[in-house]
Asker: 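Have a look at the structure that comes next, please.
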Protein chains: 2
Amino acid sequence: MREQKIRTMEDFAAASGISRPTVSKYFNDPDSVRRSTRQKIEEALERFEYRPNIFAMNQNRRATKNIGIIVPYLADPFFAEIVRVIERRCIDAGFSPSLFSSHGEREREIDILDNLRSLKPAGVLLAPLGRQSDKPAIEAFCRDVPTVLFDSSIEGMGEAFVGSDNYSFVSQTVEYLSRTGDRPCFFEMMHPANPNANKRRDAYLSMMQRLQLEPHVLRVAGEGWGFEEIGRQGGLKLLAEDGLPTNTVLCSNDRLAIGFLAACYEKGVRVGRAEGCDLRVASHDGHPFSQFTCPSLTTSAHDYATVSEHVVKTLFRLIESGGRFEKREETLFPARLIMRDSA
Amino acid sequence: MREQKIRTMEDFAAASGISRPTVSKYFNDPDSVRRSTRQKIEEALERFEYRPNIFAMNQNRRATKNIGIIVPYLADPFFAEIVRVIERRCIDAGFSPSLFSSHGEREREIDILDNLRSLKPAGVLLAPLGRQSDKPAIEAFCRDVPTVLFDSSIEGMGEAFVGSDNYSFVSQTVEYLSRTGDRPCFFEMMHPANPNANKRRDAYLSMMQRLQLEPHVLRVAGEGWGFEEIGRQGGLKLLAEDGLPTNTVLCSNDRLAIGFLAACYEKGVRVGRAEGCDLRVASHDGHPFSQFTCPSLTTSAHDYATVSEHVVKTLFRLIESGGRFEKREETLFPARLIMRDSA
DNA sequence: ATCAAAACTTCACGCGCGTAAAAATTTGTT
DNA sequence: AACAAATTTTTACGCGCGTGAAGTTTTGAT
């Protein structure tokens, strides 16, 4: 380390006894140079710990090695968990993931897309806000940058969508609940932020019809991303009004259910499938906290690992295909019913 | 928009009738040019929507406008919430925040620091892993990059530390609990990841001594960042063994408490301060979910808004001071006791 | 040993912008 | 109107690296 003058690739090339263009090639793809050359470079790399200047690298490169990851609401552990897995896979594949959260705000999502554009990312994984999203802005973005949507789809946007099959989620819970007890009512918020909510309601209705049961949708006031509080307030109101037509409630998602369970607890309503309980509650998502609710929550869970793996694999494939697919792909994964104590 | 040829600052300067160096100055600091010039540029900016090339910009700039934000575990809503506020403030101040999560892994933290270095950030906000952190690596990083630590401090590292005053947290809960009922036992994990845990235990011990009460620390097995499960398992074990010397449990943090409450529920132990309850449980942090536990959790809460505001203000001050303070600053904010149903 | 393919070296240019220096212009003050 | 200060323009260089073209060396198969 006596020679600290290794600042540029020029210096480093000289120190390693390889020409700069070849060193440059190496950093672009270590496998693109001869084995012996690679060894020499990597030996030098250990001796001098030089790192190429990111800004200079990306200035002229056609595509960078950046991958943008955008989620609607990072404070939701569901997204935090998915991001964790996705980040890891990107890094392992030699990319640099940049993480952004729209924080539930339309303007923020637009800004993020705008900034991301100038980062010239190789590809982007976007979980859009949904109803709040600026559709034209997203469409324009997807035209310019290879993008895979996940979590919630927007008709025709992005080169691919990877998500969970809402019908699979709901059919499993509805089937289980109606088989083992009273028919379920569907609990949701009035203006869901996310299109999955609508699909789940539709799935509930169609499933009830198929089972020849009378459906019942409970819609509670509320907007935004504070689902737990909405579920709690809605729950308190329903319980006070005695507004539950059956003793089984199926919540649209786990965060609503967490709030609903809190309301039940406050009101002394015993939730569970055990003897002496007043109410059964089930839900969808497999939220990381769903096993710590009181009682633990019966839910249809996303297959986090499979979904996130497929998301990144699709993006890598898209990048290798030059950023375009022949035809928009859409992949949905089924849910896995997790039976716990609440229903 | 007929002239789409605006690709470079050169083009844009020509189109706006201003010389390129002046335009460059404008993008560095809009206030550094004459009022009339600024107007002309901003008018042109609307007509052509040109945006300077980030990579070319940062290549020669002494300091970029990037700010790195590193948290130990983003799937913890506590950090997600803090990050949300910090991000917003950075953006409002004209910086570009980049968010990273160490995901509880030592190696990941090291890698992030390494990558961040080459992003030449104007400053970095670092919430270190704590016990797991590679101290020398962090120290070296802080020497090179203006860094403010938050959440958990590491002796002497960074130019400043901003966090919460653990003594304030614990003294309030201990005082409240012992005044209104049985003396509290302190519930913690064996090998806490975070140094705050140790400070809280010490605060508990010293507070109990001052109140002339016999302290009792319950340490449960467990390591890593799955606090809820650790709390739950530990709780189940304690309840099975009848290992609680008093009917009041003070958890080191809310996530442990969430798990502990789940254990109590499973075992049929009624938690709360109301008539007929078996156990009181309180905790520290003011976790976003603490109001939705069953029962809702009495806790000493961080002052999120104040802490995060002070964190970013300190960093901005540091950046303006050229990256160094005369003397390392350390600011601690007191907690606010939130009384709910659990104790 | 022979030869074509593969990999490397040398040379050179340019990416888009920061920034310094000197000259020209505008501004604000007396 | 005169002049210094503030600002802008002109000119020019360089940042660190990607990348192409042309020539040279190495490789591996015959």
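Model, not experiment: these values are computed from the prediction. Convention: sequence-line order gives letters A, B, ...; per-chain numbering from 1. For the numbers below, each heavy atom of this structure counts, side chains included, while hydrogens, waters and symmetry mates do not.
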Asker: Give a yes or no on whether a salt bridge exists between B/Arg47 and B/Glu42, defined as a side-chain N under 4.0 angstrom from a carboxylate O.
Answerer: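 A salt bridge is absent here (no side-chain N lies under 4.0 Å from a carboxylate O).
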Asker: With a 3.5 Å cut-off and just heavy-atom distances, do the side chain of A/Arg20 and the base of D/dG18 make a donor-acceptor pair?
Answerer: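 Indeed, a donor on one side and an acceptor on the other fall under 3.5 Å apart.
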Asker: Using a cut-off of 4.0 Å on non-hydrogen atoms, how would the nucleic acid contact of A/Thr8 be classed: base, sugar-phosphate, or nothing?
Answerer: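 Sugar-phosphate only.
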Asker: Mind checking B/Ser24 for me? I need base, sugar-phosphate or nothing, with any heavy atom below 4.0 Å counting as a touch.
Answerer: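 If one applies the 4.0 Å heavy-atom cut-off, B/Ser24 turns out to touch a base.
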Asker: Using a strict cut-off of less than 4.0 Å between a Lys/Arg side-chain nitrogen and an Asp/Glu carboxylate oxygen, indicate whether B/Lys313 and B/Glu309 qualify as a salt bridge.
Answerer: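 A salt bridge links B/Lys313 with B/Glu309.
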Asker: Of the options C/dG18, D/dG18, C/dT9, whose atoms approach the side-chain atoms of A/Met9 most closely?
Answerer: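 Output: D/dG18.
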Asker: So which one's nearest nucleotide on DNA chain D is more toward 5', A/Asn28 or A/Arg34?
Answerer: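 Looking at DNA chain D, the more 5' nearest nucleotide goes with A/Asn28.
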Asker: Whether B/Tyr50 contacts C/dC17 is assessed here as follows: a side-chain N or O lying under 4.0 Å from the phosphate OP1 or OP2. Is that the case?
Answerer: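 Yes.
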Asker: Would you mind reading off the distance between A/Tyr26 atom OH and D/dG16 atom P, rounded to a whole angstrom?
Answerer: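 For the pair A/Tyr26 OH and D/dG16 P, the rounded distance is 21 Å.
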Asker: Calculate the interatomic distance between A/Ile18 atom CD1 and C/dT10 atom P; express it in whole Å.
Answerer: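 Answer to the nearest Å: 11 Å.
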Asker: Could you work out which one of D/dT9, D/dT8, D/dC17 sits closest to the side chain of B/Ser19?
Answerer: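 So the side chain of B/Ser19 is nearest to D/dT9.
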Asker: Does the pair A/Glu159/A/Arg317 count as a salt bridge with the N-to-O cut at 4.0 Å?
Answerer: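 Judged by the 4.0 Å cut-off on N to carboxylate O distance, A/Glu159 and A/Arg317 do not form a salt bridge.
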Asker: Between B/Ile41 (CD1) and D/dT7 (P), how many Å, whole number?
Answerer: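 Nearest whole value for this atom pair: 14 Å.
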Asker: In whole Å, what is the span from the CG atom of B/Asn58 to the C1' atom of C/dC15?
Answerer: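 Taking atom C1' of C/dC15 as the reference, CG of B/Asn58 is at 15 Å.
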Asker: Salt bridge or not between B/Arg89 and B/Glu87? Use side-chain N to carboxylate O under 4.0 Å.
Answerer: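 Between B/Glu87 and B/Arg89 there is no salt bridge, as every charged N stays at least 4.0 Å from the carboxylate O atoms.
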Asker: Check the distance between D/dT25's P and A/Lys40's NZ and give it to me in whole angstrom.
Answerer: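 In whole Å, D/dT25 P and A/Lys40 NZ are 14 Å from each other.
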Asker: Starting from the 5' end of DNA chain C, give me the residue, B/Gln59 or B/Pro21, whose nearest nucleotide shows up first.
Answerer: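 Whichever sits nearer the 5' end wins; that is B/Gln59.
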Asker: Roughly how many Å is it from CG in B/Asn53 to C1' in C/dG18, rounded to a whole number?
Answerer: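 Taking atom C1' of C/dG18 as the reference, CG of B/Asn53 is at 13 Å.
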Asker: Does any donor-acceptor pair link the side chain of A/Asn60 with the base of D/dC17 at a separation under 3.5 Å?
Answerer: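 Flag set: donor-acceptor pair detected.
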Asker: Just the rounded figure in Å: distance from P of D/dT10 to NZ of B/Lys25.
Answerer: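 Distance, rounded to whole Å: 16 Å.
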Asker: Atom CD of A/Glu10 to atom P of D/dG18: distance rounded to whole Å?
Answerer: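 Value for this atom pair: 12 Å.
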Asker: Is A/Pro52 touching bases, backbone alone, or none of the nucleic acid, heavy atoms closer than 4.0 Å?
Answerer: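 Result for A/Pro52 = sugar-phosphate.
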Asker: For the pair B/Lys25 and B/Asp29, find out whether any cationic side-chain nitrogen is under 4.0 Å from an anionic carboxylate oxygen.
Answerer: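 Looking at B/Lys25 and B/Asp29, the cut-off is not met.
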Asker: Using a cut-off of strictly less than 4.0 Å, decide whether A/Thr22 has a side-chain nitrogen or oxygen near OP1 or OP2 of C/dA7.
Answerer: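 A/Thr22 to C/dA7 OP1/OP2: no side-chain N or O under 4.0 Å.
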